[in-house]
Amino acid sequence: MAAAAVNGSAAGADAKAAFGRIYGTLKEELLKDPAFEFTTESHQWIDRMLDYNVLGGKLNRGLSVVDSYKLLKGADDLTEEEMFLSSTLGWCIEWLQAFFLVLDDIMDDSVTRRGQPCWYRVPQVGFIAVNDGIILRNHISRMLRLHFKKKPYYADLLDLFNEVEFKTASGQMLDLITTHEGEKDLTKYNIGVHRRIVQYKTAYYSFYLPVACALLLSGENLDNYGAVENILVEMGTYFQVQDDYLDCYGEPEFIGKIGTDIEDYKCSWLVVQALDRADESQKSVLFENYGKKDPACVEKVKNLYKELNLEAVFHEYESESYKKLIAEIEVQPSVAVQKVLKSFLHKIYKRQK
């Protein structure tokens, strides 16, 4: 068993290394794009900007394209071309993530990202980061055009990335106008609003997009996979609920950050559950203390969560979500698709960080 675990982690490290090498190839191609005459200074800027913003994450979304494609093909190993094409699509998703995060950090006035200053906070960058975000998004189109233009599914790929970007941007808008606009107003927060924000802002690009890319690469028609889309969006919603729970109950040294959803007035799953269950006096505690930086106010909110037994509510939600997702996965006609969906679910079920 121990040897199998070691072999599995070694294989995972090898796959990540192979994926990482393809980043270097793609970056070099972009830095030689004939559509733009690079100066020395602009070449250096893009080179540094890409390394700073595209790299540094866990790469889960990008690697999921490669893993899903292998499962759909029923192959442990891919040909060199298959590895390159699936990795390129994976990196397109990582570029999309970088584009979202660069702009998201400016909108949220954030200070750090992945343990370093946000890109717009780096000296001499500032609001040039807005244009860098636009370049990151345009790079996706350049990579797709260069490597997929002659593929029969090229138009479907373009449509997929456009559709997912629109959904994500719409989710971000909903989040911003619900949680950041004007006076703080907890009456705007409810389970339906939380679900809609999460579904559009996170689930489509983090869960559906990697699998949809793998399906297109396998020659499949996405119109035949509406049920798979729904399952993945449901999984993405469950993933974000876990994040909201861990923000409050996770150990900071384990999850790698100190949770601040209460102080930041986030439309978190915990606060919408509390609002749904609280009596009038409990609601007044929330209204008086939620969204305040004072540690005493944060403690009052956490004590109310304890009073409402939200830890148990979460564990019940987690258990029910898992059962429901497994039941939906097991009625899918393709065994390969079932394997892909189960691999996603098992990576996140009962995660601690």
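The analysis underlying the following values was restricted to heavy atoms, covering all of them including side chains, and did not include hydrogens, waters or symmetry mates. This chain uses plain numbering: 1 for the first residue, then up along the sequence.
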Trainee: If you measure from CZ on Arg61 to SG on Cys213, what distance do you get to the nearest 0.5 Å?
Mentor: 13.0 Å
Trainee: Please work out which of the three classes, parallel, tilted or perpendicular, describes the rings of Tyr189 and Tyr290, given edges at 30° and 60°.
Mentor: perpendicular
Trainee: From Lys201 NZ over to Gln172 CD, what is the distance, rounded to the nearest 0.5 angstrom?
Mentor: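 The CD atom of Gln172 is 4.0 Å from NZ of Lys201, to the nearest 0.5 Å.
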Trainee: Any donor and acceptor pair, going by atom type alone, linking the side chain of Asp108 with main-chain N or O of Ser110 inside 3.5 Å?
Mentor: no
Trainee: Could you tell me whether Lys293 and Asp264 make a salt bridge, using a distance below 4.0 angstrom between a side-chain N and a carboxylate O?
Mentor: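 Salt bridge between Lys293 and Asp264, a charged N being under 4.0 Å from a carboxylate O: yes.
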Trainee: Side chains of Tyr154 and His147 only: does a donor on one sit below 3.5 Å from an acceptor on the other?
Mentor: no
Trainee: Compare every heavy atom of Gly133 with every heavy atom of Phe99, then report the nearest pair and how far apart it is.
Mentor: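 In terms of heavy atoms, the two residues are closest at CD1-O, 3.0 Å.
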Trainee: Centroid separation under 6.0 Å, is that true for the rings of Phe38 and Trp45?
Mentor: no
Trainee: Does NZ belonging to Lys347 count more than 12 external heavy atoms closer than 6.0 Å?
Mentor: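 Yes.
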Trainee: Heavy atoms, side chains only, cut-off 4.5 Å: are Leu275 and Phe287 in contact?
Mentor: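 Yes; the side chains approach each other to less than 4.5 Å.
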Trainee: State, with a plain yes or no, whether a side-chain heavy atom of Asn53 is found less than 4.5 Å away from one of Arg113.
Mentor: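 No, their side chains stay 4.5 Å or more apart.
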Trainee: Do any N or O atoms from the side chain of Thr79 and from the backbone of Glu82 form a donor-acceptor pair under 3.5 angstrom?
Mentor: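 At least one qualifying donor-acceptor pair exists.
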Trainee: Where the side chain of Tyr265 meets the backbone of Asp185, is there a donor-acceptor pair that is under 3.5 Å apart?
Mentor: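 Between the backbone of Asp185 and the side chain of Tyr265 there is a qualifying donor-acceptor contact (under 3.5 Å).
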Trainee: Kindly determine whether Gln240 and Asp243 satisfy side-chain contact (heavy atoms from CB on, under 4.5 Å), including the steps that lead there.
Mentor: CA-CA 5 Å; Gln240 186 58 50; Asp243 250 21; 3.6 Å; yes
Trainee: Quick check against the 3.5 Å criterion: does Ser218 have a side-chain atom that pairs as donor or acceptor with the backbone of Glu220?
Mentor: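 It does not hold such a pair.
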Trainee: Tell me if a side-chain donor or acceptor on Asn162 pairs with a main-chain N or O of Leu158 at a distance below 3.5 Å.
Mentor: yes
Trainee: When rounded to the nearest 0.5 angstrom, what is the spacing between CG in Leu217 and CG in Leu85?
Mentor: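 Output value for this atom pair is 6.0 Å.
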Trainee: Going by heavy atoms in the side chains, are Ile329 and Ile231 under 4.5 Å from each other?
Mentor: yes
Trainee: For atom CD of Gln116, is the number of surrounding heavy atoms from other residues, nucleotides or ligands below 6.0 Å larger than 12?
Mentor: yes
Trainee: Do the side chains of Met49 and Ile46 get nearer than 4.5 Å, heavy atoms only?
Mentor: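 Counting from C-beta outward, Ile46 and Met49 do come under 4.5 Å.
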Trainee: Under the side-chain hydrogen bond (donor to acceptor under 3.5 Å, both in side chains) criterion, do Gln273 and Arg277 qualify, and how do the steps go?
Mentor: CA-CA 6 Å; Gln273 292 296 325; Arg277 289 167 163 76; 2.4 Å; yes
Trainee: Do His139 and Leu50 come within less than 4.5 Å of each other through their side chains, counting heavy atoms only?
Mentor: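 Yes - at least one pair of side-chain heavy atoms lies under 4.5 Å apart.
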Trainee: May I have the step-by-step check of side-chain contact (heavy atoms from CB on, under 4.5 Å) for Val340 and Gln332, ending in yes or no?
Mentor: CA-CA 11 Å; Val340 169; Gln332 296 310 304; over 6 Å; no
Trainee: Please determine which of Arg145, Lys151, Lys150 meets the side-chain contact (heavy atoms from CB on, under 4.5 Å) test together with Phe148.
Mentor: Lys151
Trainee: side-chain contact (heavy atoms from CB on, under 4.5 Å) for Leu341 and Phe207? Distances and angles first, verdict last.
Mentor: CA-CA 10 Å; Leu341 296 172; Phe207 282 78; over 6 Å; no
Trainee: Under 6.0 Å between ring centres, would you say that holds for Phe344 and Tyr238?
Mentor: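 No, the ring of Phe344 stays outside the 6.0 Å limit from the ring of Tyr238, centre to centre.
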Trainee: Would you please test Arg196 and Asp175 for salt bridge (Lys or Arg N to Asp or Glu O under 4.0 Å) and show each step?
Mentor: CA-CA 9 Å; Arg196 202 170 292 116; Asp175 190 17; over 6 Å; no
Trainee: Counting C-beta onward and ignoring hydrogens, is there a side-chain heavy-atom pair between Asp109 and Arg121 closer than 4.5 Å?
Mentor: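 Yes, their side chains come closer than 4.5 Å.
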Trainee: Does either side chain, that of Asn230 or that of Glu234, offer a donor lying less than 3.5 Å from an acceptor on the other one?
Mentor: no
Trainee: Determine whether a donor-acceptor pair (N or O, by modelled atom type, separation under 3.5 Å) exists between the side chain of Lys167 and the backbone of Ala203.
Mentor: no
Trainee: So, are Arg21 and Glu80 salt-bridged, with charged N and O less than 4.0 Å apart?
Mentor: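 Looking at Glu80 together with Arg21, the answer is no, because their closest N to O distance does not fall below 4.0 Å.
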Trainee: Below 3.5 Å, can you tabulate the donor-acceptor pairs from side chains in residues 301-314 to any protein atom, sequence neighbours excluded?
Mentor:
unit_1: Asn303; atom_1: ND2; unit_2: Glu299; atom_2: O; d: 3.3
unit_1: Glu307; atom_1: OE2; unit_2: Gln282; atom_2: NE2; d: 2.8
unit_1: Glu311; atom_1: OE1; unit_2: Tyr245; atom_2: OH; d: 3.2

Trainee: Measure the spacing between SG of Cys267 and CD1 of Ile191 and express it to the nearest 0.5 Å.
Mentor: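 Spacing of SG (Cys267) from CD1 (Ile191) equals 10.0 Å.
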Trainee: From the options Asp156, Val211, Leu160, Val228, select the one residue that forms a side-chain contact (heavy atoms from CB on, under 4.5 Å) with Leu222.
Mentor: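 Running side-chain contact (heavy atoms from CB on, under 4.5 Å) over Asp156, Val211, Leu160, Val228 with Leu222 returns exactly one hit, Leu160.
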Trainee: Between Asp261 and Asp247 (side chain of the first, backbone of the second, donor and acceptor by atom type, cut-off under 3.5 Å), is there such a pair?
Mentor: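 No, Asp261 side chain to Asp247 backbone: no donor-acceptor pair under 3.5 Å.
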Trainee: Return the CG to OG distance between Leu72 and Ser86, rounded to the nearest 0.5 Å.
Mentor: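 OG of Ser86 is found 11.0 Å from CG of Leu72.
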Trainee: Could you go through the salt bridge (Lys or Arg N to Asp or Glu O under 4.0 Å) check for Lys342 and Glu330 one step at a time?
Mentor: CA-CA 9 Å; Lys342 284 181 179 176; Glu330 289 183 343; 3.0 Å; yes
Trainee: State whether the side chain of Thr88 and the backbone N or O of Phe84 hold a donor-acceptor pair below 3.5 Å, judged by distance alone.
Mentor: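 Present.
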Trainee: Can you spot which of Tyr23, Phe161, Phe100, Tyr205 makes a ring-ring contact (aromatic ring centres under 6.0 Å, His included) with Trp95?
Mentor: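 In the set Tyr23, Phe161, Phe100, Tyr205, the residue that makes a ring-ring contact (aromatic ring centres under 6.0 Å, His included) with Trp95 is Tyr23.
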Trainee: Test salt bridge (Lys or Arg N to Asp or Glu O under 4.0 Å) on Lys266 and Asp244 and set out the steps.
Mentor: CA-CA 9 Å; Lys266 288 287 175 75; Asp244 291 355; over 6 Å; no
Trainee: Any side-chain donor paired with an acceptor under 3.5 Å for Ser281 and Asp279?
Mentor: yes
Trainee: Could you walk me through whether Lys300 and Glu288 pass the salt bridge (Lys or Arg N to Asp or Glu O under 4.0 Å) check?
Mentor: CA-CA 10 Å; Lys300 284 178 185 173; Glu288 284 165 25; over 6 Å; no
Trainee: If I take atom CD1 from residue Ile140 and atom CG from residue Leu89, how far apart are they, to the nearest 0.5 angstrom?
Mentor: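 Between Ile140 CD1 and Leu89 CG, I get 11.0 Å after rounding to 0.5 Å.
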Trainee: Just checking Asp76: does its CG atom have more than 12 heavy atoms from other residues, nucleotides or ligands closer to it than 6.0 angstrom?
Mentor: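 For Asp76, atom CG is not crowded (no more than 12 foreign heavy atoms under 6.0 Å).
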Trainee: Quick check: do Asn221 and Tyr153 have side-chain heavy atoms less than 4.5 Å from each other?
Mentor: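 No, side chains not in contact.
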Trainee: Leu55 and Lys27: side-chain contact (heavy atoms from CB on, under 4.5 Å), yes or no, with the steps?
Mentor: CA-CA 11 Å; Leu55 301 179; Lys27 185 176 78 165; over 6 Å; no
